[in-house]
**Q** 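Here it is, the structure, as structure tokens.
Values below: every heavy atom of this structure, side chains too, minus hydrogens, waters and symmetry copies. Letters A, B, ... are given to chains in the order of the sequence lines, protein chains preceding strands, and every chain is numbered from 1. Not measured: the values here are computed from a predicted model.
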Protein chains: 2
Amino acid sequence: MASLEHIDAYLESHLNESIAELSRFCAQPSVSAQNWGLTETAGMVADMLRRRGFSVEIFPTGGAPIVFAERKGRSDRTVLFYNHYDVQPPEPLELWETPPFEPTLREGHLYARGVSDDKGPIMSRLFAIDALLATEGELPCTVKWVIEGEEETSSAHLAPFVREHADLLRADGCVWEFGTVDFRDVPIQYLGLRGICYVELSVETANQDVHSGLGGSIFPNAAWRLVWALNTLKGPDERIRIPHFYDHVRPPTPREQELMAALPDPAEEYRTRYGIKGFVRGLQGGQELRLAEVYEPTCTICGLTSGYQGPGSKTVLPARASAKVDFRLVPDQTPEEVLRLLRAHLDAQGFSDVQVTFLGGEAPAVTDPDDPFVRLVVDAAEEPYGVKMQVVPMVGGSGPNHVFQETLHVPIVTAGPGHPGGQAHAPNENMRIDLYLKAARHIARILRQFGG
Amino acid sequence: MASLEHIDAYLESHLNESIAELSRFCAQPSVSAQNWGLTETAGMVADMLRRRGFSVEIFPTGGAPIVFAERKGRSDRTVLFYNHYDVQPPEPLELWETPPFEPTLREGHLYARGVSDDKGPIMSRLFAIDALLATEGELPCTVKWVIEGEEETSSAHLAPFVREHADLLRADGCVWEFGTVDFRDVPIQYLGLRGICYVELSVETANQDVHSGLGGSIFPNAAWRLVWALNTLKGPDERIRIPHFYDHVRPPTPREQELMAALPDPAEEYRTRYGIKGFVRGLQGGQELRLAEVYEPTCTICGLTSGYQGPGSKTVLPARASAKVDFRLVPDQTPEEVLRLLRAHLDAQGFSDVQVTFLGGEAPAVTDPDDPFVRLVVDAAEEPYGVKMQVVPMVGGSGPNHVFQETLHVPIVTAGPGHPGGQAHAPNENMRIDLYLKAARHIARILRQFGG
């Protein structure tokens, strides 16, 4: 086996090459919500893996294809990587300082749509593999890899794929799509993801828009119907008003609360970074804010559309209105249950005219913080990052980890080059180059120690 | 004086020429909300008037210029025409069968943005003047004409113009910008217009959109703030909840109610034309629906915008949200009062974070149905239309008639080529050619009888 010094030296001296490859990867649009560039990107991913000696299979799904790859290692023990090659829509384009699909290096950051979520993490793993292959000629353990193309639209075809190919995917530990440092540059081990239920609510009240002078006092107005329906979902007290919505919410365990209590207070950083004046419900910070952020389910309006939205005024009574709404779920809620409760609630409130379109969902899932694989990954971070990794039992985002846990019974950990200013899902998405190198060193160590 | 037969014969034989001139007029975009083509169109209007021997002056306003024109007649008595050369935005473009600024004749209708509101009415008056000048060599009475370019954005500069130039505009009767038949092809005399107060409500809760997984349970959400604020303005019972909003609402007089009771029931036509399932508040039709349509003030959401509005899902917590809201006012409400009450209400309800931007307003105004000028105009319609004109004391739309009444003390009547399927403010706006001819015959008779 090569020494860690050799591996690290390889990574240092090949960093520019790897960033160049990442830039080419990010220049290829792959917006799942807009069905833009997905097949091309799947092919690109397959090529990158084949060049590293992986056997690759591209599985059609009816949506974006899923790339599965495997390369045997010195030991039989198997790590499964999960990533996604799709990215969020780049809009609003006018807020990008450089175009979203023209990757640009500025002051130690690479800017591009998808560089943080999730093309940078994919490439940091390939980079670690490059270093292991170059210095050792083989991988320390077997690596299996699932890279899907629908994560940003709620992974419609991943769960059936995992269930159908459970034997193919069998592994001893799974590394999730992302990993990040926090505001202090301390690497974080996220062990839980909230679930999600994403819906579109839409109303149609007429066959066309009407002059507001004509219909204003007698015609039903789609925008008003939508506003009133939304208002029944959550009030200014932030309490979700759908009956039985909270029935299966399990409060954090004492161990989870203990791990949460060890985290820094995020309040000041959030205020500064996002320019917000205060948090909802009078939350000030500390443990109260930390627990509210991840252990409470949400009902978020992600978008509203109706009628005239241009400059100035247009006196029109809209025939159509719609809202995108995302519910984040905590154990033991499920998207199926939320969908059912939502429909029943709207009907009971007199909003049978409001149509609910399910746009995707995931159940929440958590990994035991005391699992040996978790300890290995946490310990492997200390040298690259120069500081002890912090274990966070739950994070606010979502992903399809539930199906991996349920089907493969693997512990799931996080490792990757993220940072809190990475602007995932927003304009000017970016990745720090220093963290990219650290993430690759971390991944190389995980594979070596896991191989034994 | 030429006989009416001569005048009518002129109109019949020059119809195609006039429609061709109208098509050129409609091909020139003049969208006040988008500041598109206004100066060019004002110049075009001035040229059309000068060609008819009018003295023309173009008044700059800071916004779109106002065209004033005058031509002396046989008698000293003066009719004042009010029109506007601006049009509504053409969006949504995809719903037009032919492009909005490429006027197209199909089955007896001319299709174009602005053909019904208000370029067709302008041209029908020019056409009547052409006939009078061709057959009599002069006008029977003096014609003054105000043609503004900001009617569709609430006529911001008209009121000061009218007040400043009251002597120049002095007249004995005023013909308003439009006129129409109803669903039975009976010509309608509209004597009142509701007022309007058009505002944009906007909220900003952060300096950028945030990943909904991060902020969903702790950050304020601009879209939710907007929904909750809107919900305090009007509930599903359609009652406007702003305190004192109804204080100055004057119910219709017995004479107004009598005139309303003589109108046909619009319910079935509305249901069919607009594909609506029912009216608000369980209104079925008849006098109840007629009075609700025009004698009640409204609060209409004309548009909603926030966050992600594209296809599929984007998990984002919006930093900004806004709504366009139009209040239609009845005597004796004023836009200034509504604006003040709205601000106070939002503050009282805890929505000081919701900004109110005033986009334009008009007070309501009505003309006495028993005024002699009204009788003259009603009688003059009988021959061209072959049926008695129906007097409607109030209509749901709005316009700047209040300032004319208040400043010039003139009765204000309507006359023009409109029809209920004219799609004003909507895609596929159109005008019926047969009604265009009838309107020109009507206008010619009004000027002759008024000249004495």
**Q** With chain A as the partner, which of B:Arg225, B:Arg273, B:Lys234 has the greatest number of non-hydrogen pairs under 4.5 Å?
**A** B:Lys234
**Q** Which value, rounded to the nearest 0.5 Å, describes the distance between B:Trp224 atom CH2 and A:Cys299 atom SG?
**A** 4.5 Å
**Q** I need the minimum non-hydrogen distance between B:Ser313 and A:Ala33, along with the two atoms involved.
**A** O-CB, 3.9 Å
**Q** What part of B:Asn231 is in contact with chain A, defined as an atom under 4.5 angstrom from a non-hydrogen atom: side chain, backbone, both or neither?
**A** both
**Q** Of all heavy-atom pairs between A:Tyr308 and B:Pro89, which one has the smallest distance, and what is that distance?
**A** OH-CG, 3.6 Å
**Q** Under the criterion side chain to side chain contact (heavy atoms under 4.5 Å, CB included), I'd like the reasoning laid out for A:Val227 against B:Ile301: C-alpha separation, chi angles, the key distance, then a yes or no.
**A** CA-CA 10 Å; A:Val227 163; B:Ile301 299 175; 3.8 Å; yes
**Q** Sub-3.5 Å donor-acceptor pair from the side chain of B:Tyr198 to the main-chain atoms of A:Lys314, do we have one?
**A** yes
**Q** Taking C-beta and beyond as the side chain, do A:Gln309 and B:Gln309 meet within less than 4.5 Å on heavy atoms?
**A** yes
**Q** Looking at B:Val210, B:Leu193, B:Leu359, B:Val316, which makes the most heavy-atom pairs under 4.5 Å with chain A?
**A** B:Val316
**Q** Hey, does the side chain of B:Ser217 reach the backbone of A:Ala292 with a donor-acceptor pair shorter than 3.5 angstrom?
**A** yes
**Q** Which region of A:Ser398, side chain (C-beta onward) or backbone (N, CA, C, O), has a non-hydrogen atom less than 4.5 Å from a non-hydrogen atom of chain B, or is it both or neither?
**A** neither
**Q** Counting heavy-atom pairs closer than 4.5 Å to chain A, which one of B:Thr205, B:Thr315, B:Thr153 comes out on top?
**A** B:Thr315
**Q** Does B:Gly310 offer a backbone N or O that forms a donor-acceptor pair with the side chain of A:Lys324 under 3.5 Å?
**A** yes
**Q** Between A:Asp326 and B:Ser212, is any side-chain donor less than 3.5 angstrom from a side-chain acceptor?
**A** yes
**Q** Pick whichever of B:Gly307, B:Cys302, B:Gly360, B:Ser322 has the most heavy-atom pairs under 4.5 Å with chain A.
**A** B:Cys302
**Q** Would you say A:Ile218 and B:Leu289 make side-chain contact, with heavy atoms under 4.5 Å?
**A** yes
**Q** Name the one of B:Glu293, B:Arg328, B:His425 that satisfies side-chain contact (heavy atoms from CB on, under 4.5 Å) with A:Leu214?
**A** B:Glu293
**Q** Which residue out of A:Ala321, A:Gly216, A:Pro92 racks up the most heavy-atom pairs below 4.5 Å with chain B?
**A** A:Gly216
**Q** Flag the one option from B:Gly235, B:Gly397, B:Gly312 with the top tally of heavy-atom pairs under 4.5 Å to chain A.
**A** B:Gly235
**Q** Are there residues of residues 276-284 of chain B whose heavy atoms fall under 4.5 Å of chain A's heavy atoms? If so, which?
**A** B:Ile276, B:Gly278, B:Phe279, B:Val280, B:Arg281, B:Leu283
**Q** Go through the side-chain N and O atoms of A:Gln423 and B:Gln208 and say whether any donor and acceptor fall under 3.5 Å apart.
**A** yes
**Q** When heavy-atom pairs shorter than 4.5 Å are enumerated against chain B, which of A:Ile196, A:Asn207, A:Leu230, A:Leu95 gives the highest number?
**A** A:Asn207
**Q** Indicate yes or no: at least one non-hydrogen side-chain atom of B:Asn221 is less than 4.5 angstrom from one of A:Thr300.
**A** yes
**Q** Please determine, among B:Ala222, B:Gly303, B:Ala426, the option with the most heavy-atom pairs under 4.5 Å with chain A.
**A** B:Gly303
**Q** Looking at A:Gly396, A:Pro236, A:Pro311, which makes the most heavy-atom pairs under 4.5 Å with chain B?
**A** A:Pro236
